[in-house]
Trainee: 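Pasting a structure below so you can have a look.
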Amino acid sequence: MAATTPTAELSLCMSSRISVLPPSDYLLSRDVCSYGYFLLAPNRWDVHRECLGRAFLLSDGPVYAEIEQPNGQGGALRIVLSRALSSNERRDFVTQVTRMLRLDEDSAHIAAFHAVDPRWQKLGRGRLYRSPTLFEDVLKTVTSCNVQWPGTISMNRRLCEVLGEHVELGWDGSRVVLGGGGRRSRRPTDARVRLYAFPSPEKIARTRPATLRARCRTGYRDQRIVELARLFATSPSRGGVDQAWMEDPNTPDEDLHEALLELPGVGPYAAANIMQLLGRYARLPLDTESVRHGRSLLGYKGTSAQVMKKVKAHYAPFGEHAFRSYWFEMWEFYESKHGPAHTWDRDTTGAMFTAALLSK
DNA sequence: GGTAGACCTGGACGC
DNA sequence: GCGTCCAGGTCTACC
């Protein structure tokens, strides 16, 4: 299990700039572009600058942030914000960034994975990108069920645009213009761009399912998404989701798995995926991609159910690290098809992941 | 406990 | 341009 105490050191350079020192083995382009959620709204990976931009929801409203690792080979992360933060907001922001980038997963934990599966040591693979909040991770997982990847992209974009709060900033034609000590445009224009945050549980809880269906194209998931949001917007003492308990490394895997299966829209696949997003890597979220991988790369034959069983058995020897061994094999396959993940553009390469294309 | 069918959307395909 | 088919995981009813 990963430690939950953030190890990133924080220092403030200016009101709208933050410098974060990640673990020594952290590489932004590799560790952000390690899981498909980096391609989903509100995330914006800039392939040219190798920079992650997105809006975060904080107590005084949304803030847009761009995260870079200036020398590209490790070292401190430089974060430029669209506005100054209060001290409370700053704490919340660093907590969200730490979760999103898994900065609390220290080098020793990555080394333990490499000891079990040395194939990934040379590349340093170990961390998997996730969302700033558990709620966003759960919704991203639910919107990835029973739909192909372009549908997941569309649902997340619409959820942000229809229900997310936004920041309006300058746009110089190719990138966001951040003021207040940030980078300035060389071609000042009046162009503006709206950058949306992922909607809060409270906002979705107040939304009619019909609105989700009609405007966010969530289909039959509408009611389940609203119910999920209500559970996340309600305190544990009143029957809501106990997020602290779910994030606690001391919570037994079995108890957590059972609790996740109780959530609307969460079945065996989604529960296992949320488990890995919570840093529990023993279970595999088995889906049609697992079957494709089992057949095409591992050479298994039989029905889908039979292949899934074989895939599960194949990775069982990796024990509590099974998911990462499985996932990095899949990721390597995707990169063999489309090039390094840090070169995938959200709207072009990143939208191409469909079972039909991958099986070719 | 296992299985079948409904649930929606969007892309692919044929006409 | 239109209609049809198909892929995708969860949920419910049924055996």
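Scope of the values below: all heavy atoms of this structure, side chains included, with no hydrogens, waters or symmetry mates. Order of the sequence lines sets the chain letters (A, B, ...), proteins ahead of strands, with each chain counted from 1. Predicted model, so just to flag it, every value in this text is computed and none were measured.
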Trainee: Determine, for A/Arg54 against A/Glu136, whether the closest basic-nitrogen to carboxylate-oxygen distance falls under 4.0 angstrom.
Mentor: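 Counted as a salt bridge, because a side-chain N and a carboxylate O are separated by less than 4.0 Å.
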Trainee: What parts of residues 205-217 of chain A reach DNA chain B, counting only heavy atoms under 4.0 Å away?
Mentor: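 The answer is A/Arg213, A/Arg217.
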Trainee: How about A/Trp149 and A/Trp344: are their ring centroids closer than 6.0 Å?
Mentor: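 Ring centroids of A/Trp149 and A/Trp344 are no less than 6.0 Å from each other.
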Trainee: Centroid-to-centroid, A/Tyr129 to A/Tyr37, below 6.0 Å?
Mentor: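 Ring centroids of A/Tyr129 and A/Tyr37 are no less than 6.0 Å from each other.
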Trainee: Which of these, A/His314, A/Arg295, A/Gln306, sits in a side chain to side chain donor-acceptor pair (under 3.5 Å) with A/Tyr300?
Mentor: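 Checked A/His314, A/Arg295, A/Gln306 against A/Tyr300; only one passes side chain to side chain donor-acceptor pair (under 3.5 Å): A/His314.
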Trainee: Can you tell me if A/Thr343 uses its side chain to pair, donor with acceptor, with the backbone of A/Gly339 under 3.5 Å?
Mentor: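 Flag not set: sc A/Thr343 to bb A/Gly339 has no pair under 3.5 Å.
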Trainee: Can you tell me if A/Arg346 uses its side chain to pair, donor with acceptor, with the backbone of A/Asn43 under 3.5 Å?
Mentor: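 Pair found, side chain donor or acceptor close to backbone of A/Asn43.
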Trainee: A/Asn156 CG to B/dG10 P: how many Å, rounded?
Mentor: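 Nearest whole value for this atom pair: 14 Å.
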Trainee: Go through it in stages, so that I can follow the logic: the residues are A/Trp120 and A/Glu329, the test is side chain to side chain contact (heavy atoms under 4.5 Å, CB included), and I'd like the CA-CA distance, side-chain angles, deciding distance and then a yes or no.
Mentor: CA-CA 9 Å; A/Trp120 314 108; A/Glu329 269 185 29; 4.0 Å; yes
Trainee: Passes side chain to side chain contact (heavy atoms under 4.5 Å, CB included), A/Phe113 versus A/Gln121? Steps please.
Mentor: CA-CA 9 Å; A/Phe113 165 55; A/Gln121 187 163 14; over 6 Å; no
Trainee: Tell me: CD1 of A/Ile153 to P of B/dG11, nearest whole Å?
Mentor: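 Spelled out: CD1 on A/Ile153 to P on B/dG11 is 10 Å.
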Trainee: Produce a footprint string for nucleotides 9-15 of chain C: one letter per nucleotide, 5' end first; B if the base is under 4.0 Å from any protein heavy atom, S if only the sugar-phosphate is, - if neither.
Mentor: BSS----
